[in-house]
Amino acid sequence: MVDEIFRWWPSVRQTRDELPWRSTRDPWLTLLAEMMLTQTQVARVAERFVVIAERFPTAEACAKAPLSEVLALWVGLGYNRRAVALHRTAVLICERHGGEVPCDLQSLLQLPGVGSYTARAVLAFSFDVQSAVVDTNVGRVLARAASGTQLRPREAQTLADELVPVGQVRDWNLAIMDFGHLVCRSRSPMCESCVLASSVCRWQQMRRSSKIEIPDPAVGSGGVSTRQPTFEGSDRQGRGRLVRAACLGPLPEDELCHIAGWPNEHERALRIADMLVVEGIMRRDANGCYQLA
DNA sequence: GATACGTGGTC
DNA sequence: TGACCACGTAT
């Protein structure tokens, strides 16, 4: 599988290398990019990454900035609690590691907002540590091509670790992610032109030798995300509106429900605002107004 | 292990 | 056009 994907990769590599975080191996910028990319599509992160990376070229620069500035830079990306985690992580990197991103898995996992994927991404992309990243794309490739069956997260990680070629950690992880994104896509995978289809891919083998349709092994598999409830009218939608509005100025308590888009649900808006306070995204000022923390 | 978490894009 | 999809971490 490794050889086939590496033979395919050059056809897309140049384009993919234009993504701004691919032109650096700086550990802090890699960590910043991966935290921004958490559950957020590449296309929407690209522009904003350039802005934030320029403002916070080091962990120290981020740690010294007020959280409200980090939040204001973040707004529009979604999952605003990641901005709080980023700021805390920057502070912790300064306190615990002298301002340098740690290069071991355990230390990285201690940082807020850094989980299995992000920690390994930093190791693989900026430290050349033997390590495999399993994001939704990689998880899908592994389930379909390497296994042919659903994988638990642990199994997916183990499989991924076994594949990493010595001395090509960064390139391999980028290549398999690109492959999952562009060829082994979630919907309508390009099996017709896939370099794995004729030989390696277990799912294709099963489909060829079976009369009935074989279900996609990537569905519900480890590392592949599950769907979520409707956004319209959800708490998340109201939260997003409150945080966005708070970037422009303090929010009086009695206006919260209108800003959240629920004119008749004052209680609900207040509950959401208080959740934002608990999460460290907002705070109540002396006037009882809500503003960015 | 189920659920919450934001926004923009596709069909 | 409204349901569906991409996209990891924390609890």
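Chain identifiers are assigned alphabetically (A, B, ...) following the order of the sequence lines, protein sequences preceding nucleic acid strands; residue numbering begins at 1 within each chain.
A heavy-atom distance below 4.0 Å to DNA chain B is reached by none of the residues of residues 104-111 of chain A.
Using a 4.0 Å heavy-atom distance criterion, A:V114 is classed as a sugar-phosphate-only contact. Note on A:T118: only backbone sugar-phosphate atoms sit closer than 4.0 angstrom, heavy atoms only; bases stay farther off. Using a 4.0 Å heavy-atom distance criterion, A:S234 is classed as making no nucleic acid contact.
The separation between A:R154 atom CZ and B:dG1 atom P is 11 Å, rounded to whole Å. Computed from coordinates, the A:Q157 CD to C:dG8 C1' distance equals 13 Å when rounded to whole Å. Distance, A:Q150 CD to B:dG1 P: 14 Å, rounded to whole Å. One interatomic measurement links the two molecules: CD of A:E34 to C1' of C:dT9, which rounds to 14 Å at whole-angstrom precision.
Among residues at least two apart or in separate chains, side chain to side chain donor-acceptor pair (under 3.5 Å) pairs with a member in residues 118-131 of chain A are A:R25-A:D128, A:S116-A:R120.
Two residues are said to be in side-chain contact when any heavy atoms from C-beta on lie closer than 4.5 Å; A:V195 and A:R7 fail this criterion. Put simply, the side chain of A:W8 reaches to within 4.5 Å of the side chain of A:D178, judged on heavy atoms. Residues A:D235 and A:R271 are in side-chain contact: their nearest non-hydrogen atoms beyond the backbone lie under 4.5 Å apart.
Around the CD atom of A:E60, the shell of radius 6.0 Å holds no more than 12 heavy atoms that belong to other residues, nucleotides or ligands. Heavy atoms from other residues, nucleotides or ligands lying under 6.0 Å from CD of A:Q168 number more than 12.
In summary, the aromatic rings of A:W172 and A:F6 are positioned with their centroids under 6.0 Å apart.
Residue A:S186 places at least one side-chain N or O under 4.0 Å from the OP1 or OP2 atom of C:dA6.
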* Asked: Which parts of nucleotides 4-11 of chain B does protein reach within less than 4.0 Å, heavy atoms only, written one letter per nucleotide 5' to 3' as B for base, S for sugar-phosphate only and - for none?
  -> -BBBS---
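In this structure, A:D216 does not pair ionically with A:R140, as no charged nitrogen and carboxylate oxygen lie closer than 4.0 Å.
Here the closest heavy-atom approach between residue A:A260 and residue A:A269 is recorded as CB-CB, 4.4 Å.
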